[in-house]
Amino acid sequence: MSQLFESLNPVQREAVQHNEGPLLLLAGAGSGKTRVITYRIAHLIQDHGIPPFNILAVTFTNKAADEMKKRLDHLVGDVSQHVWASTFHSSCARILRRNINQLGYDRSFTIYDSKDQVMLIKDVLKTLQVDDKLNQPKAIQNRISMAKNRFIRPDEYAEKISSQFPNNPFEEAMPIYYGQYQKQLRDNNALDFDDLIILTVDLFNQSTEVLEYYQDKFRYIMVDEYQDTNHCQYLLVRALAAKHHNICVVGDDDQSIYSFRGADINNILDFEKDYPEVKTMRLEQNYRSTKNILEAANEVIGNNDIRKPKRLWTGNQAGTSIGLYRGFDENDEADYIIKKITERRRLRSTKYSDCAIFYRTNAQSRALEEVLRYENIPYQIIGGHRFYERMEVKDVLAYLKVIVNPADTVSLRRIINVPRRGIGATSLGRLESYARRRGISTFEAIEQVEAISEIKAGTQERIREFGQLIKSFQPSASPLSVTIDLLEASDYLEQFEKDGSVEARSRIENIKELESAIARYEEIDPDATVASFLESVTLASDIDGMEDETDVVTLMTLHSAKGLEFPVVFMVGVEEGLLPHINSIGSKEELEEERRLCYVGITRAQKQLYIVNALRRRRGRDFESSVPSRFIDEIPPDLFDQTSEYQPPQRKLISSFDPDEPDEAEMDGGYRVGQIVFHVKFGRGRIARIIGVGGSARITVRFDRSGERTLMAQYANLQIA
DNA sequence: TTCGCTAACTTTTTT
DNA sequence: AGTTAGCGAA
């Protein structure tokens with residue numbers, strides 16, 4: 001262990017040796033915080049004889065948890081397997097699988113992802129007979145999630161949130177939606193992401209016995225990326241640490257980029273108030289980046305007002321200048337990047353896997369992907385349309401979910417007629433209304449379909465067969481065997497085998513891939529069940545699927561990039577409207593979060609940073625011209641490579657985009673932000689944002705009745721008040 | 001009543 | 001561009 005200390009700087013060493021009592025570790029980008037956490041755990045185990053099962057390490061992603069376990073394994077060997085290292089959501093799911101009975105749920109509960117949530121909300125609106133055109137399910141989902149993150153229940157919503165939006169019918173209706181949503185979740189024996197946390201807190205509040213069990217089990221708690229925790233997670237950590245106070249949180253307020261998900265920066269800023277005896281330490285030496293890169297990062301983040309003052313420093317070399325390129329459009333951006341990558345590969349043995357491309361929005365990956373594919377450069381895209389979101393994969397997963405938890409009507413509805421078995425919307429509707437009348441689940445209605453006289457005998461028979469199909473599987477059998485039997489018995493693949501198109505074949509391939517994923521999962525965990533597999537899939541994050549053994553270029557959003565590092569980083573689309581994003585420009589807080597996002601991107605780079613943007617960009621059907629991001633201006637000019645190709649190629653610029661085209665300009669009707677307008681259907685509202693110009697401009701209006709909606713200027717037909 | 005085709009909308013970030 | 005809603009055919 002003593003050699004272990006030699007590689008640490010004094011502050012790091014102090015942090016590792018501080019084992020009892022609360023510790024706040026303010027760790028700047030690239031300051032070696034993961035190292036400190038793992039060493040700290042190793043130190044607890046080896047030098048203080050703390051049993052590994054008494055340690056809980058909460059990370060932001062499963063990938064980070066796995067990496068921590070791997071490093072820990074190097075330091076202390078096999079015993080590291082007994083440390084609980086996982087995400088908030090996974091840890092809570094694990095706790096709830098043991099103890100959720102006490103809250104009146106069944107242990108076979110299903111976890112709903114955000115798409116499932118939206119489906120359920122549509123359902124809720126239907127049962128409440130509310131038009132889902134006026135009340136966007138996604139907006140409702142967002143409001144519910146925000147409430148849950150703040151530990152606000154349906155019955156408290158009116159008082160705590162609605163009251164802040166006087167005369168807002170949408171917010172006034174929210175408690176009803178929220179309440180009904182929660183009821184239907186329970187009826188489906190399902191939990192959404194937020195429930196995992198909130199119900200664990202409930203469990204602890206309700207049973208001191210359970211709470212004490214976990215308090216004593218997790219005598220040492222470490223929370224990584226603490227700046228991104230929400231209030232509910234804060235309550236959870238506080239409850240767990242209340243007895244022993246051995247809580248170490250690690251975070252960086254400058255890297256807080258998840259406030260849209262309810263992350264509450266106060267959790268880090270107030271930590272010192274919660275634990276008066278806290279020891280605070282700062283890791284400010286950066287080991288990752290060159291001086292140039294770090295200075296650029298420092299300068300950018302220095303423009304934020306809401307932050308703990310600090311300035312990272314590094315002993316590393318100055319390094320090369322930052323590349324800056326303003327391309328013609330997104331294809332030109334991509335061309336430039338590829339040119340640089342191939343050039344570097346030729347000159348200085350930079351590997352593909354040394355290079356990462358970051359963007360603000362997933363949509364930006366497409367242009368890059370096309371060019372990379374065309375140029376035969378191997379790449380991986382993190383996030384976007386993930387494997388587990390493919391239609392055919394979701395179908396099979398829905399089958400598995402129903403097998404484990406027949407009460408899950410969202411999944412049931414997905415597969416009851418897939419493949420086509422002659423059970424259409426009307427029959428399903430009758431089935432569901434019967435279920436509702438009797439107060440039973442849809443699946444229970446299926447089991448007594450003979451009693452439903454509205455359904456014709458032929459259809460009854462088909463429904464009965466479907467019910468038997470589901471019941472013919474053993475949920476406790478191994479996931480792989482269930483899947484194989486399922487594919488066999490359901491004739492699911494037949495629809496694609498008959499088709500024979502490229503697409504159908506790739507769908508079959510994806511199912512095969514799913515099978516091998518299940519096989520792999522079983523190999524790692526011999527106790528795997530269908531339920532545990534489904535859970536791991538739902539709680540997997542984009543980044544968990546990242547491949548870091550093979551030599552490929554990695555593309556991902558700036559959000560996904562947090563916690564990673566690459567020798568060569570390209571940030572694309574560094575433009576006003578994209579970074580900072582158009583939706584964030586209006587508010588100071590949100591703008592500062594965009595700046596932090598930019599900071600996160602810059603600080604991922606070890607040796608070389610390229611900042612790239614384009615003169616114009618395709619958005620939907622038409623082009624928009626764009627202005628370089630204000631964040632570029634915040635970087636001192638002398639840090640940029642002065643010889644760089646900063647002249648945009650002036651090709652046929654005028655012809656294809658024409659913001660001043662007269663007839664279009666008239667069509668935007670002279671709308672202004674802040675104006676009060678009336679819409680035929682949505683009623684009164686106020687213009688929140690206008691994006692673009694002319695008829696193709698999109699106008700976002702915050703309607704009194706139905707929340708925010710974005711309309712095309714040329715079709716909006718708004719009356720100006 | 002179910003199914004297949006055409007037409008419209010979306011894209012900020014995510015456990 | 002890929003899903004969803006709506007319509008007509010079987």
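By convention in this document, chain letters (A, B, ...) are assigned in the order of the sequence lines, proteins followed by strands, and residues within each chain are numbered from 1.
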**Student:** For A:Arg596, which contact category applies under a 4.0 Å heavy-atom criterion: base, sugar-phosphate, or nothing?
**Tutor:** nothing
**Student:** What integer distance in Å separates A:Gln364:CD from C:dA1:C1'?
**Tutor:** 17 Å
**Student:** Rounded to whole angstroms, how far apart are CD on A:Gln136 and P on B:dT11?
**Tutor:** 10 Å
**Student:** Within a 6.0 Å radius of atom CE on A:Met119, are there more than 12 heavy atoms belonging to other residues, nucleotides or ligands?
**Tutor:** no
**Student:** Set out, line by line, the N/O atom pairs under 3.5 Å between protein and nucleotides 4-7 of chain B.
**Tutor:**
residue : atom : partner  : partner atom : Å
B:dG4   : OP2  : A:Arg420 : NH1          : 2.7

**Student:** Is there a donor-acceptor contact under 3.5 Å linking the side chains of A:Asp113 and A:Thr538?
**Tutor:** no
**Student:** Counting the atoms with a prime plus P, OP1 and OP2 as sugar-phosphate, which does A:Ser560 contact under 4.0 Å by heavy atoms, base, sugar-phosphate, or nothing?
**Tutor:** sugar-phosphate
**Student:** It should be established whether A:Asn583 places a side-chain nitrogen or oxygen under 4.0 Å from OP1 or OP2 of nucleotide B:dT11.
**Tutor:** no
**Student:** Need one value for A:Lys138: base, sugar-phosphate or nothing, where a base atom within 4.0 Å counts as base even if backbone is also close, heavy atoms only.
**Tutor:** sugar-phosphate
**Student:** Starting at CG of A:Leu368 and ending at P of B:dT11, how long is that distance when rounded to a whole Å?
**Tutor:** 20 Å
**Student:** I want to verify a distance call: between B:dT14, B:dT15, B:dT1, whose nearest atom is closest to the A:Arg430 side chain?
**Tutor:** B:dT1
**Student:** Could you check whether A:Tyr234 and A:Asp264, counting side-chain N and O atoms only, form a donor-acceptor pair closer than 3.5 Å?
**Tutor:** no
**Student:** Passes salt bridge (Lys or Arg N to Asp or Glu O under 4.0 Å), A:Arg97 versus A:Glu535? Steps please.
**Tutor:** CA-CA 11 Å; A:Arg97 290 274 177 217; A:Glu535 180 178 306; 2.8 Å; yes
**Student:** Assign A:Asn417 to base, sugar-phosphate, or nothing according to its heavy-atom contacts below 4.0 angstrom with the strands shown.
**Tutor:** sugar-phosphate
**Student:** For B:dT14, does either OP1 or OP2 sit under 4.0 Å from a side-chain N or O belonging to A:Thr557?
**Tutor:** yes
**Student:** Verify whether one side chain among A:Thr59 and A:Asp224 offers a donor that lies under 3.5 Å from an acceptor in the other.
**Tutor:** no
**Student:** Would you indicate whether A:Arg307, at its atom CZ, is surrounded by more than 12 heavy atoms from other residues, nucleotides or ligands within a distance under 6.0 Å?
**Tutor:** yes
**Student:** Would you say the ring centers of A:Phe193 and A:Phe88 fall short of 6.0 Å from each other?
**Tutor:** no
**Student:** Would you mind telling me which residue lines up with the more 5' stretch of DNA chain B, A:Glu594 or A:Gly422, judged by nearest nucleotide?
**Tutor:** A:Gly422
**Student:** Where the side chain of A:Arg261 is concerned, which of B:dT12, B:dT11, B:dT14 is the nearest nucleotide?
**Tutor:** B:dT14
**Student:** Taking atom types as modelled, is there a side-chain donor on A:Asn613 or A:Glu575 under 3.5 Å from an acceptor on the other?
**Tutor:** no
**Student:** From B:dT12, B:dC3, B:dT1, pick the nucleotide closest to the side chain of A:Thr426?
**Tutor:** B:dT1
**Student:** Under 4.0 Å between a side-chain N or O of A:Asn362 and OP1 or OP2 of B:dT13?
**Tutor:** yes
**Student:** Whether A:Ser427 contacts B:dT2 is assessed here as follows: a side-chain N or O lying under 4.0 Å from the phosphate OP1 or OP2. Is that the case?
**Tutor:** yes
**Student:** Testing the 3.5 Å rule here: is there a donor-acceptor pair between the side chains of A:Asp408 and A:Tyr112?
**Tutor:** yes
**Student:** Scan A:Tyr258 against the nucleic acid and name what it touches under 4.0 Å (heavy atoms): base, sugar-phosphate only, or nothing.
**Tutor:** sugar-phosphate
**Student:** Rounded to the nearest angstrom, tell me the gap between atom CE in A:Met556 and atom P in B:dT13.
**Tutor:** 15 Å
**Student:** Output the rounded distance in Å from CD (A:Gln227) to P (B:dT14).
**Tutor:** 16 Å
**Student:** Mapping A:Glu590 and A:Gly424 onto DNA chain B by nearest heavy atom, which one lands closer to the 5' end?
**Tutor:** A:Gly424
**Student:** Just the rounded figure in Å: distance from C1' of B:dT15 to CG of A:Asn230.
**Tutor:** 10 Å
**Student:** CD1 of A:Ile382 versus C1' of B:dT15: gap in Å, rounded?
**Tutor:** 16 Å
**Student:** Stacking between A:His581 and B:dT12, defined as ring centres under 5.5 angstrom apart with planes under 30°, is that present or not?
**Tutor:** yes
**Student:** Between A:Phe260 (CZ) and B:dT12 (P), how many Å, whole number?
**Tutor:** 12 Å
**Student:** So does A:Arg366 get a side-chain nitrogen or oxygen closer than 4.0 Å to the phosphate oxygens (OP1/OP2) of B:dT11?
**Tutor:** no
